[in-house]
Amino acid sequence: QVQLVESGGGLVQAGGSLRLSCGASGGTFSTYAMGWFRQAPGKEREFAVAISRGSLRTSYADSVKGRFTISRDNANNTVYLQMDNLKPEDTAVYYCAAARGPMNRSPESYDYWGQGTQVTVSS
């Protein structure tokens, strides 16, 4: 079992920035595609951004494109989510996920999940 632990969430004013981190243990990090998903209360979990094993490919949801940036450091078993120009509609629990298969946007394709970190954006 791979363990993923998110950190960096918090309360920020609209227009501000946050940087989330996700540390992985219990597997070979460099073999996994990584993704970030988010879920607001009463809503379905939705795709935000993903990155391939070697960082050569990335995929962004239209709602975050141009504002969020995903990156990874395979030497330190860590994936990051830089969030800039945050909006109130970005408020959600953000989940880190790892996939044994290729990078994709489907939650069902991810094999391991973190417990989430809360991001709240105020007006």
Side-chain angles (χ1 to χ4, degrees):
Q1 181 71 27
V2 173
Q3 184 177 9
L4 304 173
V5 180
E6 303 95 337
S7 63
L11 176 64
V12 66
Q13 189 177 10
S17 298
L18 284 174
R19 185 175 186 246
L20 306 184
S21 298
C22 174
S25 62
T28 305
F29 180 76
S30 62
T31 67
Y32 307 131
M34 300 296 297
W36 289 93
F37 295 77
R38 63 187 187 180
Q39 187 170 22
K43 303 295 189 295
E44 295 289 329
R45 187 171 300 182
E46 67 175 13
F47 168 80
V49 60
I51 189 168
S52 63
R53 289 174 288 182
S55 302
L56 296 179
R57 296 176 60 200
T58 57
S59 181
Y60 293 88
D62 289 342
S63 58
V64 306
K65 191 173 185 178
R67 300 187 298 117
F68 290 12
T69 305
I70 189 170
S71 62
R72 65 191 295 165
D73 183 351
N74 286 348
N76 291 300
N77 295 342
T78 305
V79 63
Y80 304 96
L81 181 61
Q82 178 67 43
M83 304 184 293
D84 298 317
N85 192 24
L86 283 161
K87 303 176 180 180
E89 50 262 46
D90 295 319
T91 296
V93 176
Y94 283 71
Y95 296 91
C96 175
R100 291 176 292 178
M103 181 189 71
N104 67 90
R105 296 184 170 208
S106 175
E108 296 179 352
S109 297
Y110 287 79
D111 302 290
Y112 310 105
W113 293 83
Q115 293 185 314
T117 185
Q118 177 70 48
V119 172
T120 302
V121 184
S122 65
S123 300

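Listed by chain and residue number, D84 satisfy the side chain to side chain donor-acceptor pair (under 3.5 Å) test with Q82 (two or more places apart in sequence, or in another chain). Take F47 and apply the ring pair (Phe, Tyr, Trp, His ring centres under 6.0 Å) test, not counting sequence neighbours, and it matches F37. For the side chain to side chain donor-acceptor pair (under 3.5 Å) test, residues two or more places apart in sequence or in another chain that qualify with S109 are N104. With sequence neighbours excluded, the residues that form a salt bridge (Lys or Arg N to Asp or Glu O under 4.0 Å) with R100 are D111. Residues passing the side chain to side chain donor-acceptor pair (under 3.5 Å) test with S63 are R38, sequence neighbours excluded. In terms of the ring pair (Phe, Tyr, Trp, His ring centres under 6.0 Å) criterion, Y94 has no residue partners (sequence neighbours excluded).
The list of ring-ring contact (aromatic ring centres under 6.0 Å, His included) pairs with a residue in residues 59-90, not counting sequence neighbours, is empty. Within the structure, disulfide bond (SG atoms under 2.5 Å apart) pairs that include any residue of residues 26-58 do not occur (at least two apart or interchain). For residues 39-72, the set of pairs meeting the disulfide bond (SG atoms under 2.5 Å apart) definition, not counting sequence neighbours, is empty.
Here L56 sits alone; no ILVMFWY side chain lies under 4.5 Å from its own, so it joins no hydrophobic cluster.
Taken to the nearest 0.5 Å, the NZ atom of K65 stands 8.5 Å off from the OG1 atom of T58.
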Identify each donor-acceptor pair in which a side-chain atom of residues 4-14 lies under 3.5 Å from a protein atom, sequence neighbours left out, and give them as a table.
{"unit_1": "E6", "atom_1": "OE1", "unit_2": "Q115", "atom_2": "N", "d": "3.2"}
{"unit_1": "E6", "atom_1": "OE1", "unit_2": "G116", "atom_2": "N", "d": "2.9"}
{"unit_1": "E6", "atom_1": "OE2", "unit_2": "C96", "atom_2": "N", "d": "2.8"}
{"unit_1": "E6", "atom_1": "OE2", "unit_2": "G116", "atom_2": "N", "d": "3.3"}

Tell me which donor-acceptor pairs under 3.5 Å the side chains of residues 22-31 have, and how far apart each pair is, sequence neighbours excluded?
{"unit_1": "T31", "atom_1": "OG1", "unit_2": "T28", "atom_2": "O", "d": "2.7"}

